Amino acid sequence: MLLTKCAQNVIKSNFQKAANLLGGRRSKSGLFQAESTVESGASRRDWGNRKAESNSAIYTTTTRAAAAATGGGVGLCRFYSTQKQSTGKTRKMVVKLNEQERAEKLQPLLDAGWTLVDGRDAICKQFVLKDFNQAFSFMTGVALLAEKINHHPEWFNCYNKINVTLSTHDVGGLSSQDIRMANYFETQANLLK
Ligand SMILES: C[C@H](O)[C@H](O)[C@H]1CNC2=NC(N)=NC(=O)C2=N1
């Protein structure tokens, strides 16, 4: 359907008004983007200084139609919603554990031998397995879970020992993901006893 130049201008100006209402700002690429409040998990090497950037967008049918009508995207409003990771996975939004969750969910792990890391909101534990073979297969099992839930341990393996540290870099501290992973470590280790 060919839109007359006049119709295109009407859509474009209405779209511009809508984008302004949304508090959008024109990015250098000419695309409108709402202020991003999602902090993305930057690449592993600079997790310490995450940048407030988002790399995902949901285009509503309205904006898509408007974009099509105005020649493919100029002025297209980008709505930031979930965090699309560089891996293409959309990571479930996690938040740091609150005090009640720490009492209810973290304490049992501390009772099971996990300890708080000095200077970090993180927990750690050393697992001692029978030999390297058992240690590595143990790590392989955990690695599969890590990929499945998109949450990865910091670990060091030396022969039959595995030193594990858990924290959620995207939020700078402990989250439910760490609780889930620590409980998995415990379950798997108990199976070997
Ligand atoms: C890009 C990737 O999906 C994210 O960085 C994920 C990967 N695994 C992760 N693992 C941990 N421990 N913390 C994170 O914040 C995290 N974020």
Side-chain angles (χ1 to χ4, degrees), residues 27 29 31 33-59 78-129 134-158 160-192:
S27 69
S29 64
L31 290 180
Q33 49 190 17
E35 286 300 327
S36 155
T37 55
V38 173
E39 206 174 35
S40 71
S43 65
R44 192 169 299 284
R45 66 182 172 287
D46 59 15
W47 262 337
N49 44 358
R50 294 177 305 284
K51 301 183 290 299
E53 62 174 350
S54 293
N55 44 24
S56 67
I58 283 188
Y59 296 93
R78 294 169 60 94
F79 295 86
Y80 288 92
S81 60
T82 55
Q83 203 181 27
K84 195 174 267 320
Q85 303 296 340
S86 56
T87 55
K89 295 176 185 172
T90 299
R91 186 166 163 75
K92 182 170 75 77
M93 290 307 292
V94 291
V95 292
K96 283 172 88 166
L97 296 175
N98 60 36
E99 286 314 310
Q100 183 183 345
E101 289 164 327
R102 289 170 193 261
E104 290 172 2
K105 298 176 182 172
L106 182 56
Q107 192 53 51
L109 289 167
L110 301 178
D111 298 342
W114 290 82
T115 56
L116 294 170
V117 176
D118 285 347
R120 274 188 74 181
D121 189 19
I123 52 174
C124 63
K125 182 172 182 178
Q126 182 180 72
F127 292 87
V128 180
L129 287 305
Q134 192 179 67
F136 199 77
S137 57
F138 180 80
M139 291 175 77
T140 303
V142 173
L144 293 174
L145 173 76
E147 278 300 286
K148 180 168 179 272
I149 67 173
N150 195 27
H151 189 75
H152 302 80
E154 300 166 29
W155 47 10
F156 172 80
N157 162 243
C158 179
N160 68 322
K161 293 185 179 64
I162 308 168
N163 295 337
V164 180
T165 300
L166 299 178
S167 187
T168 303
H169 308 91
D170 289 347
V171 299
L174 288 168
S175 75
S176 58
Q177 295 277 73
D178 301 302
I179 301 297
R180 179 176 181 183
M181 180 153 277
N183 284 320
Y184 187 77
F185 268 99
E186 290 300 311
T187 305
Q188 295 305 103
N190 290 334
L191 289 175
L192 299 172

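All of these numbers come straight from a predicted model, not from anything done at the bench. Counting starts at 1 for both ligands and their atoms, in listed order.
Judged by distance alone, the side chain of Gln177 and the main-chain N or O of Ile149 form a donor-acceptor pair under 3.5 Å. Checking side-chain atoms of Asn157 against main-chain N and O of Lys161 turns up a donor-acceptor pair under 3.5 Å. The main-chain N or O of Thr168 is found under 3.5 Å from a side-chain atom of Asp178 such that the two form a donor-acceptor pair. Side chain of Asn183 to main chain of Arg180: no donor-acceptor pair is present (N/O by atom type, distance under 3.5 Å, no hydrogens or angles).
For ligand 1, the atoms sitting less than 4.0 Å from at least one non-hydrogen atom of Thr168 are 13 (N), 15 (O), numbered in the order shown with element in parentheses. Of all the atoms in ligand 1, the ones that sit under 4.0 Å from a non-hydrogen atom of His169 are 11 (C), 12 (N), 13 (N), 14 (C), 15 (O).
Within the 4.0 Å heavy-atom cutoff, Pro153 does not count among the residues contacting ligand 1.
Between Asp178 and ligand 1, no pair of N/O atoms sits closer than 3.5 Å.
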